[in-house]
Participant: 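Below is one structure. I have some questions about it.
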Amino acid sequence: KSITTDMATLTRELEKYARDKKREIETLKIEEEYRREFVGNVSHELKTPLFTVQGYILTLLDGAMNDKTLRKKYLQRAEKGVERLIYIVQDLDMITKMEVGDLNLSYSEFNIVDVVQSVFDLLEMKADKKSIMLMFDQKYIKPITVYADRDKIQQVITNLVVNSIKYGSDDGTTEVGIEDLVNNKIIVRVKDNGEGIERRHIPRLFERFYRVDRSGARAEGGSGLGLAIVKHIIEGHDEKLYVESEHGKGSEFSFTLEKTK
Ligand code: ADP
């Protein structure tokens with residue numbers, strides 16, 4: 001009898017071992033697939049600007065170098081390509097750190113109104129090029145002090161405003177608003193009246209490298225990582241991130257923050 005019991009226990013244990021191993025292999029397979037996809041995406045993102053830069057250099061070597069105006073024009077374009085590469089690598093660096101949980105938030109008290117203002121100052125020229133008006137309601141003359149990582153929140157607002165310009169319509173507007181919520185929270189909204197996003201894309205928008213229109217988005221530059229970075233930063237703060245959009249009408253991205261008491 002005891003042998004039968006032992007056999008039954010042994011069989012159960014063996015079965016459990018096999019199940020655990022199978023699960024482990026499944027997880028490894030998913031991770032491997034994920035890594036492969038990541039590397040594939042990265043090389044794809046880097047290829048376009050690299051070929052652009054190479055193209056300008058080859059044209060220069062081919063004779064354009066002897067023409068003073070062409071020389072300057074092509075060198076400037078090559079430099080733009082290198083600048084894009086730097087942005088992509090910086091974004092990649094950030095997202096990789098964030099994905100291993102290395103967010104390193106450094107909390108302090110700061111005035112969120114100042115942060116919006118500096119983002120606007122930095123992006124004014126970019127907006128001007130598309131005749132997009134950056135609006136921040138004048139009622140925010142009083143400071144609104146929040147407790148968060150200032151640089152990271154500036155990055156969030158920058159990414160959202162950059163997108164509102166990239167996917168905004170010419171002569172459109174980008175409007176930033178701040179409102180009080182309950183429980184000492186505020187909500188920061190970034191709203192545009194640009195191309196908007198079809199409903200079916202919304203659930204995947206914050207995935208890294210996800211783009212609604214792959215060709216169109218690439219023409220506008222960017223790494224496809226902007227919103228993934230935004231999501232990591234806001235969730236790292238234990239705050240909420242929302243998106244509302246209507247295709248052809250515009251989008252609104254918003255997130256919450258904690259005010260200082
Ligand atoms: P990208 O570098 O492509 O801009 P993001 O992660 O910042 O990458 O955004 C992902 C995609 O979400 C974009 O490619 C675009 O299709 C869509 N998107 C983001 N912001 C907006 C917006 N304000 N209006 C319309 N579409 C947007």
Side-chain angles (χ1 to χ4, degrees), residues 37-38 40-50 52 80-81 83-99 103 116 119-120 122-123 126-127 129-136 152-177 187-236 241-255:
E37 193 192 300
F38 187 74
N41 280 326
V42 170
S43 14
H44 193 85
E45 288 310 316
L46 295 178
K47 244 187 251 165
T48 318
L50 276 173
T52 311
K80 272 265 167 271
E83 185 187 78
R84 249 207 87 196
L85 283 166
I86 293 173
Y87 283 139
I88 295 174
V89 172
Q90 277 171 347
D91 277 359
L92 279 170
D93 197 40
M94 198 181 295
I95 201 94
T96 321
K97 281 195 184 129
M98 286 174 177
E99 287 189 353
L103 197 54
V116 176
V119 172
F120 274 17
L122 286 168
L123 296 174
K126 201 178 172 68
K129 279 192 191 142
K130 276 182 87 171
S131 306
I132 287 181
M133 196 151 71
L134 300 180
M135 304 201 300
F136 187 39
K152 299 257 173 5
I153 295 302
Q154 174 147 348
Q155 174 87 56
V156 166
I157 300 174
T158 305
N159 290 6
L160 295 179
V161 175
V162 164
N163 280 351
S164 77
I165 298 171
K166 278 201 300 201
Y167 307 106
S169 40
D170 291 352
D171 300 310
T173 52
T174 291
E175 206 179 333
V176 175
I187 186 158
V188 181
R189 302 176 193 277
V190 180
K191 190 176 169 166
D192 65 64
N193 51 7
E195 63 188 54
I197 305 152
E198 274 178 74
R199 188 180 291 271
R200 66 194 165 98
H201 294 291
I202 303 243
R204 301 198 56 192
L205 224 51
F206 296 94
E207 282 174 26
R208 50 181 169 62
F209 301 115
Y210 188 79
R211 280 165 167 166
V212 170
D213 168 11
R214 300 199 61 90
S215 53
R218 189 148 307 110
E220 292 285 358
S223 58
L225 295 171
L227 287 180
I229 291 174
V230 164
K231 182 170 187 258
H232 275 295
I233 295 177
I234 297 304
E235 289 182 352
L241 175 64
Y242 307 97
V243 53
E244 269 174 54
S245 188
E246 199 175 331
H247 190 47
K249 291 228 167 119
S251 316
E252 182 182 288
F253 289 82
S254 55
F255 61 92

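Just so you know, these numbers use all the heavy atoms, side chains as well, and skip hydrogens, waters and symmetry mates. Both counts, for ligands and for their atoms, begin at 1 and track the order of listing. Note that the coordinates shown come from a computational prediction; the quantities given were computed from them, not determined experimentally.
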Participant: Assess whether atom NZ of Lys191 is packed by more than 12 heavy atoms of other residues, nucleotides or ligands within 6.0 Å.
Facilitator: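 Counting neighbours around NZ of Lys191, 12 or fewer heavy atoms of other residues, nucleotides or ligands fall under 6.0 Å, so no.
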
Participant: Within a distance under 4.0 Å of any heavy atom of Tyr210, pick out the atoms of ligand 1 and give their elements.
Facilitator: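 Listed by number with element: 10 (C), 11 (C).
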
Participant: Should Val212 be counted as touching ligand 1, given the test is an N or O pair under 3.5 Å?
Facilitator: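 Yes: some nitrogen or oxygen of Val212 is under 3.5 Å from one in ligand 1.
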
Participant: Give the ring-plane orientation class for Phe136 versus Phe120, where under 30° counts as parallel, over 60° as perpendicular and anything between as tilted.
Facilitator: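 The arrangement is perpendicular - the two ring planes meet at more than 60°.
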
Participant: Under a 4.0 angstrom heavy-atom cut-off, which atoms of ligand 1 come close to Gly226?
Facilitator: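 Going through ligand 1 atom by atom, the ones under 4.0 Å from Gly226 are 5 (P), 6 (O), 7 (O).
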
Participant: Please work out whether any backbone atom (N, CA, C, O) or any side-chain heavy atom from C-beta onward of Asn159 is under 4.0 Å from ligand 1, and answer side chain, backbone, both or neither.
Facilitator: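 For Asn159, there is no contact with ligand 1 at all, from either part.
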
Participant: Using a 4.0 Å cut-off to any heavy atom of Gly224, which atoms of ligand 1 qualify?
Facilitator: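 With Gly224 as reference, the close atoms of ligand 1 come out as 1 (P), 2 (O), 3 (O), 6 (O), 8 (O).
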
Participant: Check whether any N or O atom of Tyr167, backbone or side chain, sits under 3.5 Å from an N or O atom of ligand 1, and answer yes or no.
Facilitator: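 Yes; at least one N/O pair falls below 3.5 Å.
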
Participant: If you draw a 6.0 Å radius around OH in Tyr210, do more than 12 non-hydrogen atoms from other residues or ligands fall strictly inside?
Facilitator: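 Check passes, neighbour count above 12.
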
Participant: Do the side chains of Lys166 and Lys130 get nearer than 4.5 Å, heavy atoms only?
Facilitator: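 No - every pair of side-chain heavy atoms lies 4.5 Å or more apart.
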
Participant: Could you tell me whether ligand 1 has any atom less than 4.0 Å away from a heavy atom of Phe253?
Facilitator: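 Flag set, Phe253 near ligand 1.
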
Participant: Can you sort out which atoms of ligand 1 are near Leu205, meaning under 4.0 Å from one of its heavy atoms?
Facilitator: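 This gives 12 (O) as the contact atoms.
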
Participant: Indicate yes or no: does an N/O atom of Lys166 lie under 3.5 Å from an N/O atom of ligand 1?
Facilitator: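 Among all N and O atoms of Lys166, at least one is under 3.5 Å from an N or O of ligand 1.
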
Participant: Give a yes/no on ligand 1: does Ser223 have at least one heavy atom closer than 4.0 angstrom to it?
Facilitator: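 Contact check Ser223 vs ligand 1: positive.
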
Participant: Could you say whether the N/O atoms of Leu227 and ligand 1 ever approach to under 3.5 Å?
Facilitator: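 Indeed, backbone or side chain, Leu227 has an N or O that close.
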
Participant: Take a 6.0 Å sphere around CD of Glu83 and say whether it holds more than 12 heavy atoms from other residues, nucleotides or ligands.
Facilitator: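 Result for CD/Glu83: enclosed.
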
Participant: According to side chain to side chain contact (heavy atoms under 4.5 Å, CB included), who are the partners of Ser245, at least two apart in sequence or on a separate chain?
Facilitator: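 By the side chain to side chain contact (heavy atoms under 4.5 Å, CB included) rule, Ser245 matches Ile197, Ile202, Ser251.
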
Participant: Given Leu160, Asp213, Asn163, which has its nearest heavy atom closest to atom 20 (N) of ligand 1?
Facilitator: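 Result: the heavy atom closest to atom 20 (N) of ligand 1 is in Asn163.
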
Participant: Counting only heavy atoms from other residues, nucleotides and ligands, does the tally under 6.0 Å from CE of Met135 exceed 12?
Facilitator: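 Yes - once you tally the heavy atoms of other residues, nucleotides and ligands closer than 6.0 Å, there are more than 12.
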
Participant: Counting only nitrogen or oxygen atoms and a 3.5 angstrom limit, does Ile197 reach ligand 1?
Facilitator: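 It does not: no N or O of Ile197 is found under 3.5 Å from an N or O of ligand 1.
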
Participant: Counting N and O atoms only, with roles assigned by atom type, does the side chain of Asn41 sit under 3.5 Å from a partner on the main chain of Glu37, one being a donor and the other an acceptor?
Facilitator: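 Such a contact is found between Asn41 side chain and Glu37 backbone.
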
Participant: Please list, in number order, the atoms of ligand 1 under 4.0 Å from a heavy atom of Ser251.
Facilitator: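 Listed by number with element: 22 (C), 24 (N), 25 (C).
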
Participant: Which residues pass the ring-ring contact (aromatic ring centres under 6.0 Å, His included) test with Phe38, not counting sequence neighbours?
Facilitator: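 For Phe38, the residues satisfying ring-ring contact (aromatic ring centres under 6.0 Å, His included) (neighbours in sequence not counted) are Phe209.
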
Participant: Evaluate side-chain hydrogen bond (donor to acceptor under 3.5 Å, both in side chains) for Asn159 paired with Gln155, printing each intermediate quantity in order.
Facilitator: CA-CA 6 Å; Asn159 290 6; Gln155 174 87 56; 3.0 Å; yes

Participant: Any nitrogen or oxygen of Arg211, side chain or backbone, less than 3.5 Å from one on ligand 1?
Facilitator: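 N/O-N/O distance under 3.5 Å: yes.
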
Participant: Counting only heavy atoms, which portion of Ser245 has something under 4.0 Å from ligand 1: side chain, backbone, both, or neither?
Facilitator: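 Within the 4.0 Å criterion, Ser245 makes no contact with ligand 1.
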
